[in-house]
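What you see is a predicted model, and the numbers here were worked out from it, not measured in a lab. Residue numbers count from 1 along this sequence. When reading the values below, keep in mind they use all heavy atoms of this one structure, side chains included, and skip hydrogens, waters and symmetry mates.
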Amino acid sequence: MKSNDLIAKVIVDVPTLGELDYKVPEDMLVALGDRVLVTLGRRRVVGIVVNLVRGSEIAENRLRSVTAVLNDIPPLPGEWLRLTRFAAGYYQRSWGEAALSALPLFLKRAPGKRQAAVMERMRKPLESGGRPVEVPELNDEQKTVLDALNRAEHFETFLLFGVTGSGKTEVYLRWMEETLRRKEDGQILFLVPEINLTPQSVSRIRSRFPEKTVAVLHSELSDGERARNWLAVHEGRADILVGTRTAVFASFKHLALVIVDEEHDGSYKAGDGLRFSARDLAVWRGKANDVPVLLGSATPSLESWMKASAGQYRLLTMAHRASGRAVLPEVTLTDPPEKGSRRSLTDFTVSAMTKVLEAGRQVLVFINRRGYAQVLSCPSCNWVSSCRHCSTFTVFHKSDRSLVCHHCGWRSKVPEACPVCGNVDILPRGSGTERIFEELEIRFPGKRVLRIDRDSVSRKHEAEEAFAKVHAGEVDILVGTQMIAKGHDFRNVGLVVILNADAQLLSPATRAREMLFATLMQVAGRAGRHGEAGRVVIQTRFATDPFFEALAKQDYRLFADALLDVRRENFLVPFTHQALLTAQAPTLAQSLRFLEDAAEAGHALEGDAVRIYDPVPMNIVRLKELERAQLLVECDDRPALNRFLRAWQSTFRVPAGVQWTLEVDPAEV
């Protein structure tokens with residue numbers, strides 16, 4: 001017998017489950033978007049009500065009832081439910097997984113006895129106000145861009161292509177100011193790519209909007225901090241939300257504007273779970289709310305550049321630095337030291353650094369590799385230090401005499417002698433930030449050298465404190481990884497030195513050159529931002545490569561247009577759409593067998609629209625004791641690819657021991 005009671009359609013955080021039917025007791029009030037407590041198997045879990053219907057296809061004697069309505073917060077709005085449903089469908093996950101994973105942990109737990117007291121603490125006012133700052137005058141380019149933005153009253157996606165130091169942030173702030181003036185109850189979403197950029201962004205925004213409440217969301221907040229900030233946005237008590245990629249899933253009461261700074265950055269793409277692109281979802285959300293979206297970058301992603309070229313995005317350009325006296329730095333290419341010299345810096349580079357330091361200015365040295373050396377090796381038998389759990393090398397960290405795998409985290413002590421032949425003269429090969437730091441202290445005695453990477457600033461607030469020293473002039477030479485490359489407005493950096501760029505230039509990955517160009521342009525842009533001339537020295541063995549020709553000219557258009565031509569001719573992204581099926585198992589044969597079976601099932605479904613490539617081992621085959629392989633799928637039509645992926649997954653037969661992941665728009669192929 002079928003039920004005719006009021007039924008709540010509920011989603012829960014289980015990857016394999018869709019909407020579940022639960023009977024609503026007659027004395028219970030339930031609304032769309034309510035969090036509810038329900039029974040799932042033998043567990044009680046928190047779910048979200050996504051629909052209310054009369055009657056169920058499930059027999060009445062099998063229906064369970066909603067246990068309780070968790071009405072300690074207002075219901076999740078329909079716009080948020082549509083966002084999470086779209087994300088789940090697009091990225092091929094369950095709706096419950098997409099929605100529940102977006103909530104703070106506190107709101108996914110069954111309430112305890114002290115729930116009311118905890119919620120009262122959660123609703124205490126957030127910090128507001130900041131140190132007053134001088135508001136700079138806008139130049140003509142900034143005024144033109146701001147006028148165009150202020151005329152936008154409905155959804156439109158703008159791509160602000162502004163060179164480093166052109167004053168994009170000031171344009172953001174002025175547009176935010178005008179938006180909040182027009183819409184008193186409006187809220188703004190401001191996305192930044194990395195956690196270490198949030199403190200300076202929040203500080204600057206609070207200083208400009210002392211009367212407004214600014215919330216922050218990123219993964220390094222405690223559970224309580226995350227819940228408190230999320231709730232302030234959900235209830236409309238926060239006017240501006242600054243956050244990393246997960247902030248795109250915050251629940252807004254009145255979203256009025258979306259800004260994505262450094263929109264090209266790979267950090268906006270999630271690497272596990274729901275593998276979403278925060279940039280793409282930000283654009284979708286702007287359209288769903290009929291509000292304008294601004295994507296800003298000195299090196300836009302090729303996807304955004306193509307859309308701007310095609311007229312899908314409106315391109316706004318700022319080609320000059322904001323300061324009237326500041327110009328883009330001069331770029332010089334020079335050969336690196338000869339192999340075997342055990343030096344990382346040439347005499348030419350050291351001379352350039354000396355001149356800048358003698359002038360009382362700072363030097364920034366960039367190398368995108370932490371640790372002391374890439375590997376330890378034995379010159380007698382060619383042994384190299386390798387990870388016990390992965391098919392990759394371990395990096396030598398001299399500070400604690402350890403070998404560390406930067407993929408799985410495994411570490412061991414440095415052996416006293418070669419474990420194969422017993423040679424005691426094992427040597428470091430390659431350079432990392434530790435080794436560069438050591439060399440700089442020797443080359444520049446008396447100068448204050450600071451290293452910033454994930455090892456040196458691993459604890460909370462350490463990065464913020466380290467950057468504060470640089471801004472205060474307490475550092476002469478700063479050496480670091482990508483953490484120092486973007487977003488920081490160093491006022492006194494006169495020279496940027498770039499080391500080991502060739503390693504990524506030679507990578508076979510599709511996006512390697514695009515990502516490297518963006519990184520090097522960003523780090524080069526730290527020099528000469530406030531009037532004094534700046535310079536960039538790049539040590540490379542490939543100075544004649546067109547890549548470095550465009551970089552030396554700091555001509556992103558030249559680089560991007562040429563790369564788009566190559567991608568178009570070879571039917572590569574963004575001119576096709578991709579999905580990547582990966583598998584991992586105790587043996588490579590198991591992973592490949594699963595992918596081969598999946599490919600065979602896919603060929604029976606795809607027709608002519610979808611291209612299914614042969615399974616291959618991944619670049620790093622063994623990771624954390626598991627052997628990995630991948631299978632690439634391409635299609636020139638996005639809806640056709642999504643339909644295929646939904647149907648394809650239902651055909652998978654997964655043997656014991658095999659784990660699989662399907663990533664839409666993969667970041668690396």
Side-chain angles (χ1 to χ4, degrees), residues 87 90-91 159 161 164 190-198 201 218-220 243-249 259-283 295-307 366-370 406-407 453-454 463 480-488 498 500-501 503-526 547 551 556 559-560 563-564 567 572-574 577-580 582 618-620 623 630 632 661 663-669:
Y90 186 92
Y91 294 106
L159 177 61
F161 170 43
T164 54
F190 189 102
L191 292 178
V192 295
E194 293 188 5
I195 293 171
N196 72 78
L197 295 178
T198 55
S201 298
H218 57 69
S219 60
E220 286 190 2
T244 52
R245 63 176 179 247
T246 55
V248 77
F249 284 111
I259 296 173
V260 184
D261 192 25
E262 309 290 4
E263 66 87 28
H264 67 277
D265 200 285
S267 299
Y268 284 124
K269 186 72 159 66
D272 53 19
L274 181 76
R275 301 193 176 198
F276 66 94
S277 164
R279 178 199 64 212
D280 295 349
L281 288 181
V283 173
L295 311 178
S297 177
T299 53
S301 64
L302 286 188
E303 286 84 353
S304 296
W305 189 252
M306 183 189 73
K307 289 178 180 178
F366 171 80
I367 179 168
N368 200 25
R369 179 179 290 155
R370 55 195 174 98
H406 287 177
H407 297 277
D453 56 32
R454 280 197 292 164
T481 56
Q482 285 204 44
M483 291 183 71
I484 68 173
K486 50 201 168 190
H488 299 286
I498 297 173
N500 198 41
Q504 188 171 341
L505 186 71
L506 298 174
S507 169
T510 302
R511 297 180 183 270
R513 288 194 164 218
E514 176 186 356
M515 294 167 63
L516 179 61
F517 194 89
T519 298
L520 298 191
M521 281 282 285
Q522 291 291 329
V523 71
R526 301 312 106 197
F547 175 94
L551 188 67
Y556 174 79
F559 169 78
L563 191 54
L564 276 178
R567 297 273 185 90
L572 298 172
V573 289
H577 308 288
Q578 296 180 330
L580 191 68
T582 59
M618 296 184 70
N619 287 334
I620 299 177
L623 184 69
Q630 65 184 33
L632 180 66
T661 300
E663 181 178 3
V664 178
D665 302 335
E668 296 182 11
V669 177

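- In terms of the side-chain contact (heavy atoms from CB on, under 4.5 Å) criterion, residue partners of Lys307 (sequence neighbours excluded) are, by chain and number, Gln312, Tyr313.
- Proximity of a side-chain donor or acceptor of Arg279 to a complementary backbone N or O of His264 within less than 3.5 Å is not detected.
- Residues Thr481 and Arg454 form no side-chain contact, since every pair of their non-hydrogen atoms from C-beta on lies 4.5 Å or further apart.
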Item to check | CA sep, side-chain torsions, deciding dist, call: Arg526, Ile484, side chain to side chain contact (heavy atoms under 4.5 Å, CB included) | outcome: CA-CA 9 Å; Arg526 301 312 106 197; Ile484 68 173; over 6 Å; no

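- Taking CZ from Arg245 and CG from Leu281, the interatomic distance works out to 12.0 Å, rounded to the nearest 0.5 Å.
- The side chain to side chain donor-acceptor pair (under 3.5 Å) search around Glu514 returns Arg567, not counting sequence neighbours.
- Side-chain contact check for Arg511 versus Val573: some heavy-atom pair is nearer than 4.5 Å.
- Side chains of Phe547 and Leu516 form a contact here, defined as non-hydrogen atoms less than 4.5 Å apart.
- The local environment of CD in Gln504 is crowded, with over 12 non-hydrogen atoms from other residues, nucleotides or ligands closer than 6.0 Å.
- Considering only residues two or more places apart in sequence or on other chains, Phe276 meets the ring-ring contact (aromatic ring centres under 6.0 Å, His included) condition with Phe249.
- Between Tyr556 and Phe161, the ring-plane angle classifies as tilted under the 30° and 60° cut-offs.
- No donor-acceptor pair under 3.5 Å is formed between the side chain of Tyr268 and the backbone N or O of Val260.
- Residues meeting the ring-ring contact (aromatic ring centres under 6.0 Å, His included) test with Phe366, sequence neighbours left out: none.
- Counting only N and O atoms by type, the side chains of Glu194 and Gln482 include no donor and acceptor under 3.5 Å apart.
- In this structure, the side chains of Thr582 and Glu663 stay at 4.5 Å or more apart for every pair of heavy atoms.
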Next on the checklist: As a quick check of understanding, evaluate side chain to side chain contact (heavy atoms under 4.5 Å, CB included) for Leu623 and Met618, giving each step before the final call.
Outcome noted: CA-CA 10 Å; Leu623 184 69; Met618 296 184 70; over 6 Å; no

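- Side-chain contact check for Met521 versus Leu551: some heavy-atom pair is nearer than 4.5 Å.
- Remark: Thr246 OG1 to Leu274 CG distance equals 11.5 Å, nearest 0.5 Å.
- Evaluation of the ring-ring contact (aromatic ring centres under 6.0 Å, His included) rule for His577 yields no partner, not counting sequence neighbours.
- With contacts defined as side-chain heavy-atom distances shorter than 4.5 Å, the pair Leu302/Leu564 qualifies.
- Two residues are said to be in side-chain contact when any heavy atoms from C-beta on lie closer than 4.5 Å; Ser219 and Ile195 meet this criterion.
- A search for ring-ring contact (aromatic ring centres under 6.0 Å, His included) contacts involving Tyr90 returns Phe86, not counting sequence neighbours.
- Between Asp280 and Tyr91 the shortest side-chain heavy-atom distance falls below 4.5 Å.
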